[in-house]
Amino acid sequence: MPAITVRNLSAETHRALKARAAAHGRSTEAEVRAILDGAVAPRIGLGSLLADIGQAAGGVDLCLEREFVDRDVPDF
């Protein structure tokens with residue numbers, strides 16, 4: 001299993017990590033793993049999230065055909 005060492009961590013940051021770990025009921029090392037896992041986890045876009053919610057609610061059929069309008073191209 002891969003491991004890393006973080007050097008020169010400030011005392012303030014270490015105290016904050018310990019407090020955060022205690023609040024979540026886990027060790028400092030487990031808290032750091034959770035923070036790192038959350039930081040690099042793939043993000044789901046808002047559009048994808050809304051589409052998933054819509055599908056879970058039964059979905060909606062939309063008619064999204066565009067009407068073609070023949071227009072003159074401006075000459076600059």
Chemist: Determine which pairs satisfy salt bridge (charged side-chain N to carboxylate O under 4.0 Å, His left out) with at least one residue from residues 6-21, sequence neighbours left out, and list them in order.
Modeler: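 The answer is R20-E31.
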Chemist: Starting from I35, can I reach I4 by hopping between I/L/V/M/F/W/Y residues whose side chains sit under 4.5 Å apart?
Modeler: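 In one cluster with I4: I35, yes.
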Chemist: Would V40 and I44 show up in the same hydrophobic cluster when neighbours are defined by side-chain heavy atoms closer than 4.5 Å?
Modeler: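 Shared cluster, no.
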Chemist: Kindly compute the distance separating CG (L17) from CD (E29), expressed to the nearest 0.5 Å.
Modeler: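 So the gap between those two atoms works out to 12.0 Å.
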Chemist: If you define the side chain from C-beta out and look only at heavy atoms, does anything of V32 sit under 4.5 Å from V6?
Modeler: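 Result no, sub-4.5 Å side-chain heavy-atom pair not found.
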Chemist: Where do S27 and A21 come nearest, in terms of heavy atoms and distance?
Modeler: O-CB, 3.5 Å
